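Structure record follows, encoded as structure tokens.
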Amino acid sequence: MGKGFYIRKELAVTCVVAAVAAVAVIIALSVVYAQEKSKNEVTLPFTAGPDATSTFSPTPSTPKEPWMHFRLPDSLAPVSYNVTLWPRLEPIADNLYVFSGHSTVVIRCVRETDLILIHSNKLNLTTFEGHHAKLNGLNGATAPTLTKTWLEIPTQYLVIQLSSPLWAGNMYELFTQFTGELSDDLGGFYRSEYMEDGVKKVIATTQMQPTDARKAFPCFDEPAMKAVFHMTIIHAHGTVALSNAQNTLIDLIQTSFQPTKIMSTYLLAFVVCDFTYIGTQPGADVLVRIWARRKAIEEGQGNYALEKTGPILKFFENYYNSSYPLKKSDQIAIPDFSAGAMENWGLITYRETALLYNPAMSSNGDKEWVVTVISHELAHMWFGNLVTMKWWNDLWLNEGFATYVSYLGANFAEPTWNMKELIVLNEIIGVMAVDALASSHPLSSNEKDIMRPDLITELFDSITYSKGAAVLRMLSEFITETTFSSGLHTYLEEFKYKNTVYTDLWKHLQMAVDKAGIPLPRPVEVIMNRWILQMGFPVVTINTQTGKITQKHFLLDPDSVVDTPSEFNYEWFVPVTWIKNGGAEQQYWLLEKEATNEDMILNTTGWLLANIDMKGFYRVNYDSENWERLLAKLSSSHQAIPVINRAQIIDDTFNLAKAKMVNITLALRTTKFLSKEVEYMPWQIARNNLEYFFLMFDRSEVYGPMQAYTKKQVTPLFNHFKEITLNWTKNPEKHTDQYNQVNAVSLACSAGVEGCKELTTNWFKEWMKNPANNNITPNLKSTVYCNAIAAGGVQEWDFAWSMFKNATVASEAEKLMFALSCTKQPWLLNRYLRYSLDPEKIRKQDATSTITYIANNPIGQPLAWDFVRANWAHIFNNYGGGSFSFGRLIGGVTKRFSTEFEYKQLLQFKEDNAGQLGSASMALERALESTMANINWVAMNKEPVLEWFTSEPFYK
């Protein structure tokens, strides 16, 4: 769109002259970059001393000098930045790409100081009379001279010592000029590459969150240091420049942008590319544009995102009762992107799979991912961007909230999908397994414990996102969604363009509760502090014979040591919802460790069910009589129990069995009704839990009887979907039925149901005969590809690899990337592992996922573990020690560990790589705890599990 703007002739001439002058200055900077890079570049392990591998540990001793602290002093505050950047999309030498630029930041002196600390990381700064910056006074203020400047590498500061103090209330401006590498490390200002018509294309893009704006230009890189940004991007002919704000002036080589709103550095974004877009019609209240590779836009892959963005924005305007703060919403699909998406204000960046959708090739799961991620990012436009957490210790408030309401926005955009129910499966149940470990962490930590960049990055985990969403959903349920929304409105109004702590939200929700007259047993803050300031959650045990109710900190390994203290002694205020004999839902507040509710006492034939629709973040156990009655109800009329609770019963019993609170055979018995079940959620939960059995036993004699049981249970489901799809010729109509069809085929093929293997391999063979015509339904592609490659050999693998390399739809490439890990040939898996660290073959953003996929394969798991150990230094240094995906990599390659030998290997790995674990440190502690729990579980349960499976009538 920019290239079509009309600029008056005199303005264009003026801009060209100014731009050429800027180019002349900047060229001089880049000439010396290659030489300077070698002596200035320091590989920055995210460490500040010997405690680098500790979890949530503060800096071990109080630093003596201000520049040794990881937090900025409160003496200065940025007001505005004026930044000009010029990324080179061609290498200057030996595949070295650079950018250069200059920045002027206006700062207000808050407290008298003779020291300026400003973040700068991996930038080569030009010196002026021996100093790395220039300082001027504004509005009559006199700037002191600079006495000494240097780069403090460990804390990533440019340090400026002054001859005399800056005075409180005065304004100053600081000028820096710099060059940096436009590397492919997926952080800060970086480059992304892709092929189009056989030609390599390069774009420049950004990912600033959490602490990488300092890699693009010197800045006060903390969330509370909000400012206005005036951006100018110099770029080549034929490219377009985008940033947070709307462009104001475009000439031949330079694009300037309107000033941004007051915002944090981590939300800044700029992109230079030759992409094109589709957008809303002229005159729309908000300009919405979907940007992507030209071919992707031409193929219509951005249409779905454009169709849903407007309605979701409107939903959130109504939900928050607050207008969208900006005039435009650009959304751009980046070929190389480490996270799923990033909520940069006005220029949201996405992985291609999170924004682009091709109806002919993408599955309903791909479609759900697109609408959910868009909803998540748009939710941030208010909650996170307009109002921002003061510091990263409250990251959960941003991400947990956006995760929760993303399902509300997606439910509005796709009302037939039951997205409000799917949050239970997609977020809540999974994170309960993580939060039941002694190595978990509270949602909110002390500021002083989260200082270093690696500790900040570790917070981007499932606790922050999914548990945050779960407890906010629980809160919304017991104060009502209307009251919750009302409290959000006043919160956003009071704190817009400012920063907050979590207690500010509790205050406004309490105001809304008081106004609505909702009775609560304690104030909102008192109730919720127990859920966010201590890790874990309770198991609530109900005795239906006596009415006694108790709570206890639930741990998957009851013998694990919890060395994280809690001021609440691991007790919670629990909103217990329950029904008796299928009657009306009731609520009871459990406020002590033990209580009695006589209404919960049953007669000789009744049954009781608690935590209706899993609205609360807790597990439920019952007396044995009630368990037997629930099993009987599932057997006789399972639909009398709500579908979410049918899934909950399975998940609770399997986890209670892990915790030695019920017998393992009780958990297995909760799956027997599945031969009559056709709904998605119970089947998916059963599959998730039985997968753990396969992980533990797929190398033992238990495997055969387990497979036989699975075959018996899934055969009716396979036949059900064969019937309703008219022998696999059409898709089921319901969204969740489409998901369950995948379960039916996948489980049936793995269990050896007659006709399944032939079905999938024949579909794949037909595609191999005619690669240009893939008739496999998109929903089943992952399952079909995986099964066919597992059953085949090098011919099938090489075909899939060829199709992967030539895929133009990102979601299709992702399915093939997964399927390639399904081969049973060790040499092919080893070859694929080598490919994973070759950026010419596997994108850096996908490297850790590829290794994890291979580790999911029983044959590939030991190969992947050996590979990770042998290549850890390379992975850490070249794929970013602060990467969000490092924790998932450790969890993925170790989740099958269940022997003392494997536990010792993990300990050795920790010892060998002390100081070089970065954001994987916490995941390694969890892996150690999980491995020990697995060892104990196998020892205790192998014999009874084998006996149960072999004693079933079908087996004999």
Side-chain angles (χ1 to χ4, degrees), residues 45-47 51-57 210 338-340 392 395-396 399 430-443 445 449-450 452-468 535-536 555-557 560 563-564 692 695 836 845 847-856 861 864-869 871-873 875-877 879-898 902-934:
F46 292 101
T47 174
D51 69 325
T53 60
S54 64
T55 303
F56 291 95
S57 58
S338 60
W392 298 104
L395 176 68
W396 76 273
E399 298 299 350
V431 78
M432 292 183 97
V434 178
D435 204 28
L437 299 175
S439 55
S440 186
H441 64 88
L443 276 171
S445 306
D449 291 342
I450 309 295
R452 304 193 313 261
D454 64 315
L455 295 178
I456 294 169
T457 302
E458 278 191 347
L459 288 174
F460 289 81
D461 65 1
S462 58
I463 297 292
T464 292
Y465 284 74
S466 301
K467 182 182 179 178
M535 68 180 188
L555 292 167
L556 280 176
D557 181 1
S560 58
D563 53 15
T564 304
Y692 178 74
L695 286 172
S836 71
Q845 66 174 20
T848 56
S849 295
T850 302
I851 297 169
T852 302
Y853 290 152
I854 294 168
N856 286 338
Q861 189 277 324
W865 173 233
D866 289 345
F867 183 80
V868 167
R869 286 187 295 166
N871 293 278
W872 182 256
I875 294 170
F876 184 87
N877 290 321
Y879 287 76
S883 168
F884 301 150
S885 60
F886 264 41
R888 292 193 293 274
L889 173 64
I890 294 296
V893 297
T894 63
K895 69 179 182 179
R896 193 177 256 103
F897 282 11
S898 58
E902 289 163 330
Y903 185 79
K904 289 176 181 176
Q905 284 186 322
L906 262 178
L907 285 174
Q908 188 64 50
F909 177 77
K910 178 181 178 181
E911 181 181 329
D912 292 345
N913 296 283
Q916 202 173 26
L917 289 168
S919 61
S921 297
M922 189 193 304
L924 185 58
E925 295 302 320
R926 288 176 183 163
L928 284 163
E929 185 181 352
S930 294
T931 300
M932 185 53 67
N934 292 345

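A quick note: this is a predicted structure, and the numbers were derived from the prediction, not measured.
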**OP:** Report the distance from atom CH2 of Trp872 to atom CG of Asp912, rounding to the nearest 0.5 Å.
**Re:** 12.5 Å
Subject >> Rounded distance [0.5 Å steps], CD in Gln861 versus CG in Leu695 >> reply: 9.0 Å
Subject >> Heavy-atom pair with the smallest gap, counting every atom of Thr457 and Pro210 >> reply: OG1-CG, 4.0 Å
Original post:
If you look at every heavy atom in Val893 and Ile851, which pair is closest and at what distance?
Top reply: CG1-CG2, 4.0 Å
**OP:** With sequence neighbours left out, write down each residue that passes side chain to side chain donor-acceptor pair (under 3.5 Å) with Thr464, or none if nothing qualifies.
**Re:** Asp461
**OP:** State which residues pass side-chain contact (heavy atoms from CB on, under 4.5 Å) with Asp435; sequence neighbours excluded, sorted by chain then number.
**Re:** Ser440, Ile463, Lys467, Met535, Phe537, Phe617
Original post:
Nearest heavy-atom pair of Glu458 and Met922: which atoms, and what distance?
Top reply: OE2-N, 3.0 Å
Subject >> Thr931: side-chain contact (heavy atoms from CB on, under 4.5 Å) partners, not counting sequence neighbours >> reply: Phe897, Tyr903, Leu906, Ile935
Subject >> Spacing of Leu437 atom CG and Ser560 atom OG [to the nearest 0.5 Å] >> reply: 8.0 Å
Original post:
Is a side-chain donor or acceptor of Arg896 paired with a backbone partner of Ala855 at a separation under 3.5 angstrom?
Top reply: yes
**OP:** Working to the nearest 0.5 Å, report the span between OG1 of Thr848 and OH of Tyr853.
**Re:** 9.5 Å
Original post:
How are the rings of Trp392 and Phe460 set relative to one another: parallel (under 30°), tilted (30 to 60°) or perpendicular (over 60°)?
Top reply: tilted
Original post:
Do Thr894 and Phe909 come within less than 4.5 Å of each other through their side chains, counting heavy atoms only?
Top reply: no
Original post:
Which heavy atom in Ile890 sits nearest to a heavy atom in Ala927, and how many Å separate them?
Top reply: CG2-CB, 4.1 Å
Subject >> Results of side chain to side chain donor-acceptor pair (under 3.5 Å) for Asn856 - residues two or more places apart only >> reply: Lys895
Subject >> Side chains of Arg888 and Thr852 in contact at under 4.5 Å (non-hydrogen atoms) >> reply: no
Original post:
Which residues pass the ring-ring contact (aromatic ring centres under 6.0 Å, His included) test with Trp396, sequence neighbours left out?
Top reply: none
Original post:
Could you walk me through whether Gln905 and Arg869 pass the side chain to side chain contact (heavy atoms under 4.5 Å, CB included) check?
Top reply: CA-CA 10 Å; Gln905 284 186 322; Arg869 286 187 295 166; 3.4 Å; yes
Original post:
Who are the side chain to side chain donor-acceptor pair (under 3.5 Å) partners of Ser466, not counting sequence neighbours?
Top reply: Glu427
Original post:
Atom CG in Leu459, atom CD in Glu399: separation rounded to 0.5 Å?
Top reply: 11.0 Å
Original post:
What heavy-atom pair brings Ser836 and Thr850 nearest, and what distance separates the two atoms?
Top reply: CB-CG2, 4.0 Å
**OP:** Verify the distance criterion only: is there a donor paired with an acceptor across the side chains of Ser439 and Glu929 at less than 3.5 Å?
**Re:** yes
Original post:
Can you tell me if Trp865 and Glu902 form a side-chain donor-acceptor pair at under 3.5 Å?
Top reply: no
Original post:
CG/Asp449 to NE2/His441 distance, rounded to the nearest 0.5 angstrom?
Top reply: 12.5 Å
